[in-house]
Amino acid sequence: VASAPEFTTLVTAVTNAGLGPALSAPNGPYTVFAPTNAAFNALPAGTLDSLLADPYGALADVLKYHVVVGQVLSTELYNGQAIPTLNGATLYVEIVGRSVYIQNNDRSVRARVATPDVLASNGVAHVIESVLVPASATAVRQTQPCSENGLIASEAECQQAAAALGLTYASDAGSEW
């Protein structure tokens, strides 16, 4: 994904947020819901500039909202599935006919998966047609159990993923980070 011309905005955003090394091999595996340049261009006027102006805050939160610990192929997604992301908020899967959509935490943003299962050295990317933005800043800061949906196999994976992204991992009271 990083070398494809349709992802230059995503790559720039990841670089500006300082997340490149953490999301690159040997870290992972990760599942990335990867918005295209067109998806970023479709954001309301000023949104991308505002995000880029806050690289370690809002931008990092939105980018982490597109990343899930573990490799999740399209065949493993099911209708109604809740997926915890690296920023602590949840995404939801909606399947309509042959189309798969990823929705934000209040289901007000719906991104169609245009190209599933783009395999990478440290996981998989699913190309999406919209940028997923959490419903509110409060939702971004929520914590979710690390293995809520069974995508993470061990506490060690939770600790490794949290450390790679500069997060603090607490294994007590429901394995939250």
Side-chain angles (χ1 to χ4, degrees), residues 1 9-10 13-14 16-20 22-23 27-36 39-40 42-44 47-48 50-72 74 76-95 100-113 123-153 155 157-177:
V1 171
T9 305
L10 177 61
V14 167
N16 288 353
L19 296 175
L23 295 177
N27 296 316
Y30 297 114
T31 298
V32 177
F33 295 100
T36 61
F40 281 101
L43 287 170
T47 303
L48 181 56
S50 294
L51 291 171
L52 290 171
D54 186 14
Y56 302 109
L59 179 61
D61 282 342
V62 168
L63 293 172
K64 291 175 189 176
Y65 195 50
H66 290 78
V67 181
V68 176
V69 173
Q71 181 172 299
V72 184
S74 61
E76 299 172 74
L77 299 174
Y78 58 88
N79 197 40
Q81 183 178 13
I83 303 173
T85 66
L86 285 183
N87 85 344
T90 301
L91 296 173
Y92 294 93
V93 177
E94 178 187 21
I95 299 174
V100 176
Y101 299 91
I102 306 300
Q103 299 175 317
N104 71 338
N105 51 344
D106 76 348
R107 297 184 168 126
S108 64
V109 177
R110 182 183 193 217
R112 188 177 80 83
V113 176
V124 64
H126 302 292
V127 178
I128 57 174
E129 296 177 337
S130 301
V131 176
L132 296 162
V133 179
S136 69
T138 303
V140 172
R141 302 289 182 204
Q142 293 174 351
T143 59
Q144 295 288 331
C146 188
S147 59
E148 175 180 284
N149 66 354
L151 296 177
I152 300 170
E155 293 283 319
E157 284 183 335
C158 294
Q159 291 170 337
Q160 179 185 17
L165 292 166
L167 301 172
T168 302
Y169 174 80
S171 61
D172 59 348
S175 298
E176 296 181 3
W177 47 346

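Owing to the predicted nature of the structure, the values given are computational and were not obtained by experimental measurement.
- For the pair Thr9 (side chain) and Phe40 (backbone), a donor-acceptor distance under 3.5 Å is absent.
- Using a 4.5 Å heavy-atom cutoff, the side chains of Ile83 and Leu77 are in contact.
- A distance-only check finds a donor-acceptor pair linking the side chain of Asn87 to the backbone of Asp61 [under 3.5 Å].
- Val113 is not listed as a side-chain neighbour of Tyr101, based on a closest heavy-atom distance of 4.5 Å or more.
- Shown are Val14, Ile128, Leu86, Thr85; of these, the side chain to side chain contact (heavy atoms under 4.5 Å, CB included) with His66 is made only by Ile128.
- Exactly one residue among Leu52, Leu48, Leu19 makes a side chain to side chain contact (heavy atoms under 4.5 Å, CB included) with Leu59. That residue is Leu52.
- The heavy-atom pair separating Leu63 from Ala17 by the smallest distance is CD1-CB, 3.8 Å.
- Contact between Pro134 and Val62 at its shortest, heavy atoms only, is CD-CG2, 4.4 Å.
- Under the rule for a side chain to side chain donor-acceptor pair (under 3.5 Å), Thr47 has no partner lying at least two apart in sequence or in another chain.
- Tyr65 places a side-chain N or O within donor-acceptor distance of the main-chain N or O of Thr90, the cut-off being under 3.5 Å.
- Val32 is not listed as a side-chain neighbour of Leu23, based on a closest heavy-atom distance of 4.5 Å or more.
- Shortest non-hydrogen contact noted between Ala89 and Asn105 is CB-ND2, 4.3 Å.
- With sequence neighbours excluded, the residues forming a ring-ring contact (aromatic ring centres under 6.0 Å, His included) with His126 are Phe33, listed by chain and number.
- Looking at Asn104, its side chain does come within 3.5 Å of a backbone N or O of Val133 through a donor-acceptor pair.
- Here the straight-line distance linking atom CG of Leu91 with atom OG1 of Thr31 works out to 11.0 Å at 0.5 Å rounding.
- Pro35 is listed as a side-chain neighbour of Leu10, based on a closest heavy-atom distance under 4.5 Å.
- Applying the salt bridge (charged side-chain N to carboxylate O under 4.0 Å, His left out) rule to pairs touching residues 100-111 yields Glu94-Arg110, sequence neighbours excluded.
- Closest heavy-atom contact between Ala82 and Tyr92: CB-CE2, 3.6 Å.
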